[in-house]
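A short worksheet on the structure shown next.
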Amino acid sequence: MTVLSVNVNKIALLRNSRGTNYPDLLHFVRKIIGHGIKGITVHPRPDERHITRQDARDLAAFLKDHPDVEFNVEGYPSSDFMALIDALRPAQCTLVPDEPGQLTSDHGWQVAKNRELLGQVLPLLRQWGVRSSLFLDPVPAAAELAAEVGADRIELYTEHFARIFAAGDGAQTQAVLQDYLETADRAVACGLGVNAGHDLNLDNLALFLSGGQVLEVSIGHALVVESLELGMDEVLRRYQAIIAAAPAPDLSSASRGG
Ligand SMILES: CC(=O)[C@@H](O)[C@H](O)COP(=O)(O)O
Ligand SMILES: NCC(=O)COP(=O)(O)O
């Protein structure tokens, strides 16, 4: 079954807006894993607008008591970020090509242009026993390059799919989805695991998972907004039901990325 990794950035964003520990991030992480959800994702950005480096350290310590829950830490592989990953040793590190001041993650890696940087950091993650994932646009050739530079997984950047889905044009949505399915197929053929994330939500997730290749989806922004409407317990139950009804990914085909 595809793993749901809940991104808790936006809970931290709300907390930071008042300078107190309310909402308490760990309270919601306990709630999330109490539903049997097996992934927590954070993106400690350089400006600490939401997840701080201390949050990441606190969550790593907390999740050590929950070995069945994978910790996924996202970020640009700066020396500071890599030092944090070395200290945390999370289950997975998702590398994104974000500039420090970006509003959000809005593009995948140009792997060929960043071959030198990725060639330096990916072996470190492997040496530390941290599964690597590269944030990619849905371009099959990019998946091949990700395998060449030694990544374990790719993460499909799903904002384009989400935007076209929301526009309501079924034919265009299917055409865009095909790009993702082809990129996922190419990744699997190269021995990579396939993750996905950004702007996935209760409305679009089932269609996105219909291809049956996705090992993990990381979802945060929409999940928090949906929780304002429906309550987090109900939202988590709905995500779990969607994932339970989706085709299960074939783990055997992703030797390095499983
Ligand atoms: C990599 C990605 O698409 C998201 O996980 C990212 O963490 C979103 O960052 P913000 O929550 O800062 O928008
Ligand atoms: N990698 C995607 C992620 O962690 C969450 O993205 P979003 O759901 O906050 O857009």
Side-chain angles (χ1 to χ4, degrees), residues 2-17 23 25 28-29 32 37-53 55-56 59 69-78 81 84-85 90-109 131-138 142 146 151-166 180 184 193-205 208-209 214-228 232 235-236 238-239 242-243 257:
T2 299
V3 171
L4 170 60
S5 187
V6 176
N7 182 311
V8 294
N9 290 353
K10 300 300 158 43
I11 299 172
L13 185 71
L14 185 59
R15 177 206 58 201
N16 291 1
S17 67
L25 196 59
F28 286 95
V29 168
I32 291 163
I37 287 165
K38 299 303 182 187
I40 296 291
T41 291
V42 296
H43 189 152
R45 292 184 179 275
D47 61 11
E48 296 192 320
R49 66 190 72 169
H50 40 55
I51 294 291
T52 66
R53 282 177 282 282
D55 286 327
L59 282 170
V69 178
E70 285 209 343
F71 193 27
N72 175 40
V73 182
E74 302 179 327
Y76 178 83
S78 66
F81 178 78
L84 180 66
I85 297 300
Q92 179 174 267
C93 176
T94 300
L95 300 179
V96 296
D98 289 7
E99 297 296 328
Q102 266 181 231
L103 176 66
T104 187
S105 305
D106 59 14
H107 62 283
W109 282 100
R131 183 195 311 129
S132 62
S133 181
L134 289 186
F135 198 59
L136 289 189
D137 296 309
D152 294 316
R153 292 193 185 179
I154 65 168
E155 175 173 337
L156 292 169
Y157 169 46
T158 49
E159 186 275 340
H160 185 46
F161 163 77
R163 180 158 35 84
I164 298 301
F165 179 93
Y180 287 88
V194 178
N195 296 344
H198 204 98
D199 286 341
L200 293 175
N201 61 37
L202 286 174
D203 296 328
N204 63 31
L205 181 60
F208 189 81
L209 292 181
V214 179
L215 299 173
E216 174 187 297
V217 286
S218 41
I219 304 175
H221 189 89
L223 189 150
V224 171
V225 175
E226 290 155 346
S227 297
L228 295 176
M232 186 174 278
V235 167
L236 294 174
R238 293 190 187 189
Y239 275 110
I242 291 167
I243 289 174

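Keep in mind the model is a prediction, meaning the values are calculated, not measured. Each ligand, and each atom within it, is numbered from 1 in the order the structure gives.
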Atoms of ligand 1, numbered as shown, that sit under 4.0 Å from any heavy atom of [X]:
X: H198; answer: 2 (C), 3 (O), 4 (C)
X: N7; answer: 5 (O), 7 (O)
X: V96; answer: 1 (C)
X: H50; answer: 10 (P), 11 (O), 12 (O)

With heavy-atom distances below 4.5 Å as the criterion, would you say the side chains of [X] and [Y] are in contact?
X: P44; Y: D55; value: no
X: E74; Y: S218; value: yes
X: L95; Y: F135; value: no
X: R45; Y: D98; value: yes
X: T41; Y: V6; value: no
X: V8; Y: V42; value: yes
X: N195; Y: L215; value: yes
X: Q92; Y: R153; value: yes

Return yes or no for this condition: an N or O of [X] is under 3.5 Å from an N or O of ligand 2.
X: T41; value: no
X: E74; value: yes
X: I219; value: no

Evaluate whether atom CG of L228 has more than 12 neighbouring non-hydrogen atoms of other residues, nucleotides or ligands under 6.0 angstrom away.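 Yes, CG of L228 has more than 12 neighbouring heavy atoms, counting only those of other groups under 6.0 Å.
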
Is D199 reaching over with its side chain to a backbone N or O of A162, donor-acceptor style, under 3.5 angstrom? no

I'd like to know if the side chain of Y239 pairs up with that of E226 as donor and acceptor (distance under 3.5 Å, no hydrogens or angles considered).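 Y239 vs E226: donor-acceptor pair found between side chains.
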
Side-chain donor-acceptor pair present, N72, T94, cut-off under 3.5 Å: yes

For ligand 1, which part of F135 has a heavy atom less than 4.0 Å away: the side chain, the backbone, both, or neither? side chain

Is the contact between H221 and ligand 1 made by the side chain, the backbone, both, or neither, using heavy atoms and a 4.0 Å cut-off? neither

To the nearest 0.1 Å, how far is [atom] from its closest protein heavy atom, and which atom is that?
atom: atom 8 (O) of ligand 2; answer: G220 N, 2.7 Å
atom: atom 8 (C) of ligand 1; answer: T104 OG1, 3.6 Å
atom: atom 9 (O) of ligand 1; answer: R45 NH2, 3.0 Å
atom: atom 4 (C) of ligand 1; answer: E74 OE1, 3.5 Å
atom: atom 4 (O) of ligand 2; answer: N7 ND2, 2.8 Å
atom: atom 1 (C) of ligand 1; answer: S105 OG, 3.3 Å
atom: atom 6 (O) of ligand 2; answer: H198 CA, 3.6 Å
atom: atom 11 (O) of ligand 1; answer: N9 ND2, 2.8 Å

Ligand 2 versus E155, non-hydrogen atoms closer than 4.0 Å: side chain, backbone, both, neither?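 Only the side chain of E155 comes within reach of ligand 2.
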
Going by the order shown, which atoms of ligand 2 are within less than 4.0 Å of some heavy atom of G197?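 Under 4.0 Å from G197, ligand 2 has these atoms: 2 (C).
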
Below 4.0 angstrom from a heavy atom of H221, which ligand 2 atoms are there? Numbered from 1 as shown, please. 7 (P), 8 (O), 9 (O)

E216 and K38 ion-paired at < 4.0 Å: no

For D199, is the nearest heavy atom under 4.0 Å from an atom of ligand 2?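 Heavy atoms of D199 do come under 4.0 Å of ligand 2.
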
Considering H43, R49, E155, K10, which one's heavy-atom position lies nearest to atom 6 (C) of ligand 1?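 The nearest heavy atom belongs to H43.
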
